[in-house]
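I have placed the structure first, in the form of structure tokens, so that the comments after it can refer back to it.
Note that the structure is predicted; figures quoted are calculated from it, not measured.
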Amino acid sequence: MISAVLVGAGLGAGAVAGALWLRRRYVLITVRGLSMSPTYRDGDRVLIRRVPVAAVRPGQVVVVAAAPPDVAPPDEHGHWLLKRVLAVPGDPVPREECPALRSVTDPAVPPGHLVVLGDNPSRSYDSRQAGYITPGRLLGVVTRRFGAASQPRAR
């Protein structure tokens, strides 16, 4: 009987540790707005895997803070942006696609920085207006899309 209790306690602690690991590694976010339509719609839910900038590749969809953490840290009110990565550190600076980067003198995107664009240019605030996404603003990459959180059922 004692060994069964110890095994049960060990499994419980393992489950808690696993849940904490998952929470630190993954985040579920609800999309608000039209900046990534038609790929992602308002109300879609996406699973985000936390990664460092070095793990991000062009073409991936990422979640970044809307402003640098020292200016306005992201919070529960959704100050996060869902965008597609155009360039990563070491890539040529995409001056033609991003007017805000036309005056940058460096030939390559600096370490820790990203260039991101929304899929819907007319409704997106991104690197075209803001320039680089600076270090510390990356939450992670989208790993899976789920349908809208509360879509009405068709009758």
Test item: Arg95 side-chain N/O and Ser103 main-chain N/O as donor-acceptor pair under 3.5 Å: no
Test side-chain contact (heavy atoms from CB on, under 4.5 Å) applied to Val115 and Glu97, step by step: CA-CA 10 Å; Val115 178; Glu97 294 89 346; over 6 Å; no
Nearest-0.5 Å distance that lies between atom CD1 in Ile29 and atom OH in Tyr40: 11.5 Å
Main-chain N/O of Gly118 paired to Arg128 side chain as donor or acceptor, under 3.5 Å: yes
Flag side-chain contact, heavy atom, 4.5 Å: Phe146 against Leu28: yes
Contact summary for Ser37 and Asn120, nearest pair of heavy atoms: OG-ND2, 3.2 Å
From CD1 (Ile48) to CG (Leu82), nearest 0.5 Å: 6.5 Å
Tyr132 with Leu114, same ILVMFWY side-chain cluster at under 4.5 Å: no
pair Val64-Trp80: side-chain heavy atoms closer than 4.5 Å: no
Euclidean distance, His113 NE2 relative to Ile133 CD1, rounded to 0.5 Å: 9.5 Å
Heavy-atom closest contact (Gly33 atom, Asp42 atom, distance): N-OD1, 2.6 Å
Backbone N/O of Val116 and side chain of Ser127: donor-acceptor pair under 3.5 Å: yes
Considering all heavy atoms, the nearest Val93-Asp106 contact: CG2-O, 3.4 Å
Val31 and Val46, any side-chain heavy atoms less than 4.5 Å apart: yes
Arg102, CZ: over 12 other non-hydrogen atoms inside 6.0 angstrom: yes
With sequence neighbours excluded, residues passing side chain to side chain donor-acceptor pair (under 3.5 Å) with Ser124: Lys83, Asp126
Separation of Arg45 CZ from Arg144 CZ (nearest 0.5 Å): 13.0 Å
Minimum heavy-atom distance between Pro89 and Gly112, given as atom pair plus value: CG-N, 3.5 Å
Leu81 vs Ser35 side-chain heavy atoms within contact, under 4.5 Å: no
Arg41 side chain near Arg145 side chain, heavy-atom distance below 4.5 Å: yes
ILVMFWY cluster, Leu139 and Leu86 together (side-chain gap under 4.5 Å): no
Gap separating the OG1 atom of Thr143 from the CZ atom of Arg50, nearest 0.5 angstrom: 12.5 Å
Gln129 atom CD: more than 12 heavy-atom contacts under 6.0 Å: yes
Shortest non-hydrogen contact from Val85 toward Val56: CG2-CG1, 3.6 Å
Within one Ile-Leu-Val-Met-Phe-Trp-Tyr cluster: Val62 and Leu117, side-chain cutoff 4.5 Å: no
Shortest non-hydrogen separation from Ala87 to Pro92 and the atoms involved: CB-O, 4.3 Å
